[in-house]
Amino acid sequence: DFDPASVKEFACMSYQSHVFHVIGAGSSLSFPAYNIRDLVLSQPGSGKAVVCPMNGTDAQRYSHADANVILMSNSGNTDEVVSFHKVLEARQKALLDRPESVIAVTANEDSILAKAVRNTYILACGPEEATAATKSVFNQALFLQALISPRDAFNENALCTAASHIETILNREGPPLDMIHAVADAQHVYLAGPDNGVAAEAALKFSETFTAAHFIAGGPTSGVHGGQRGMEEDDVVILIDPDRRDMPKIREVFDRVRG
C-alpha cells in the first residue's frame, strides 16, 4: 500500500526549486518520469513545476545546479544512474552543498544509491522477482505524483479512484482472438501514442516478455511520417489514444503498407 504521507519529508525540495530532473533508465524512467511530466503540463495550478526526464548517461552532459535531482532505480544499482551520481559528486559541488535537493528512490536499502545518497526513499513494493518491472513502476510513479503534483490533485480519493480503474481493467475481458493471433504472428510490434510514458512502457514490456517492439513518439500520426517505411505487411501497429480526426490519414497510409 502506498501512503502519500511517506513523501512529506521530501517536500522541501519544491521550496528550493520548481525544476525536477528525474534520472533513470528503462522502466524506472519511461513511465514514472514521463507520466508525471505529462500530468504537470496538463493540470491547472502546476505551471511552476518543470519536469525533465533524463537517462543517466545523457544526464552527465548537463548542469543540474539549479534543479532538484531525483535518482530512480528499483535495484539501487543501475549502472547508468550510479555512474551519473558519481559524476554529480565530482562536478556539481554547488548542488551537493544543498543535499536536500538530491533524492534516491529505490526498493533496496542496501544498494549503492541508498548508501551514497543521504535522502533516500525506500519503495514499499519490495524487489522485483521478474525481468519485467511492474509493481516498482507504479510505486515510483506514485512517489513522483505525491512529490510534484499540486497538493489538491493527489490525495486519498485520487488513489481510491485509480485503484478502482485498475481493478476494472484487470477484470475486463481480453481482446478478441484475431487481435491476439495478429500480435503473436507479428515480427515487430509498433506502439504509437502520446509521449506520456504509456506507449513507451508498453513497448518495453512487449520487448522484455514477448517480441521486438518499438515506440513511435509524438502521437499516432508520427507513424505516418516516415516510420511506416520500415514496416512489413505482417507487423502490428497499436495506436494509443488516437485522435479520431487523424484516423482516415492513418488508415490510408497503413493500407498502403499492407499493399
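Any value given below was found using the heavy atoms of this structure, including those in side chains, with hydrogens, waters and symmetry copies removed.
- Here the shortest heavy-atom pairing between Ser136 and Cys125 reads CA-SG, 3.6 Å.
- Under the ring pair (Phe, Tyr, Trp, His ring centres under 6.0 Å) criterion, Tyr121 pairs with Phe10, Phe143, sequence neighbours left out.
- Atoms CG and OG, from Leu113 and Ser75 in turn, are 8.0 Å apart once rounded to the nearest 0.5 Å.
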Between Gln187 and Thr211, is a side-chain hydrogen bond (donor to acceptor under 3.5 Å, both in side chains) present by the stated rule, with each step listed? CA-CA 7 Å; Gln187 184 174 0; Thr211 191; over 6 Å; no

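- Every residue meeting the side-chain contact (heavy atoms from CB on, under 4.5 Å) condition with Ala199, not counting sequence neighbours, appears here in chain and number order: Leu191, Phe215, Ile240.
- Two residues are said to be in side-chain contact when any heavy atoms from C-beta on lie closer than 4.5 Å; Ile103 and Thr120 fail this criterion.
- Here Lys205 pairs with Glu201, Glu208 under the salt bridge (Lys or Arg N to Asp or Glu O under 4.0 Å) rule; sequence neighbours left out.
- Each of Ser28, Pro32, Ser30 was checked for a side-chain contact (heavy atoms from CB on, under 4.5 Å) with Val137, and the lone residue meeting it is Pro32.
- Applying the salt bridge (Lys or Arg N to Asp or Glu O under 4.0 Å) test to residues at least two apart or on different chains, the pairs with a partner in residues 17-43 are Arg37-Asp195.
- Between Cys52 and Val22, the closest side-chain pair of non-hydrogen atoms is not below 4.5 Å.
- Residues Leu88 and His64 meet the side-chain proximity criterion, which asks for heavy atoms closer than 4.5 Å.
- Under the ring pair (Phe, Tyr, Trp, His ring centres under 6.0 Å) criterion, Phe206 pairs with no residue at all, not counting sequence neighbours.
- The two residues Ala114 and Glu109 come nearest to each other via the heavy atoms CB-O, 3.5 Å.
- By the side-chain contact (heavy atoms from CB on, under 4.5 Å) test, Asp234 pairs with Glu232, sequence neighbours left out.
- Gln60 meets the side-chain contact (heavy atoms from CB on, under 4.5 Å) test with Ser83, Phe84, Val87; sequence neighbours excluded.
- Note that CG of Leu144 is 9.0 Å distant from CG of Asn35, once rounded to the nearest 0.5 Å.
- Looking at residues two or more places apart in sequence or on another chain, you find no salt bridge (Lys or Arg N to Asp or Glu O under 4.0 Å) involving Arg61.
- Residues satisfying the side-chain contact (heavy atoms from CB on, under 4.5 Å) test with Met247, not counting sequence neighbours, are Leu239, Pro242, Ile250, Arg251.
- Residue Leu177 belongs to a hydrophobic cluster whose other members are Ile180, with links defined by side-chain heavy atoms closer than 4.5 Å.
- Between the side chain of Asn139 and the backbone N or O of Phe2 there is no donor-acceptor pair closer than 3.5 Å.
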Please tabulate, one pair per line, all N/O donor-acceptor pairs under 3.5 Å involving side-chain atoms of residues 162-170, not counting sequence neighbours.
from, atom 1, to, atom 2, distance (Å)
Thr168, OG1, Ser164, O, 3.0

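- Think of Leu29 as one node in a network of Ile, Leu, Val, Met, Phe, Trp and Tyr side chains linked at under 4.5 Å; its network also takes in Tyr34.
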His21 vs Asn68, side chain to side chain contact (heavy atoms under 4.5 Å, CB included): CA-CA, chis, key distance, verdict: CA-CA 6 Å; His21 291 180; Asn68 298 303; over 6 Å; no

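- Counting heavy atoms from C-beta outward, Phe20 and Val40 have side chains that stay 4.5 Å or more apart.
- Looking at heavy atoms from C-beta onward, Glu80 lies in side-chain contact with Asn55 at the 4.5 angstrom threshold.
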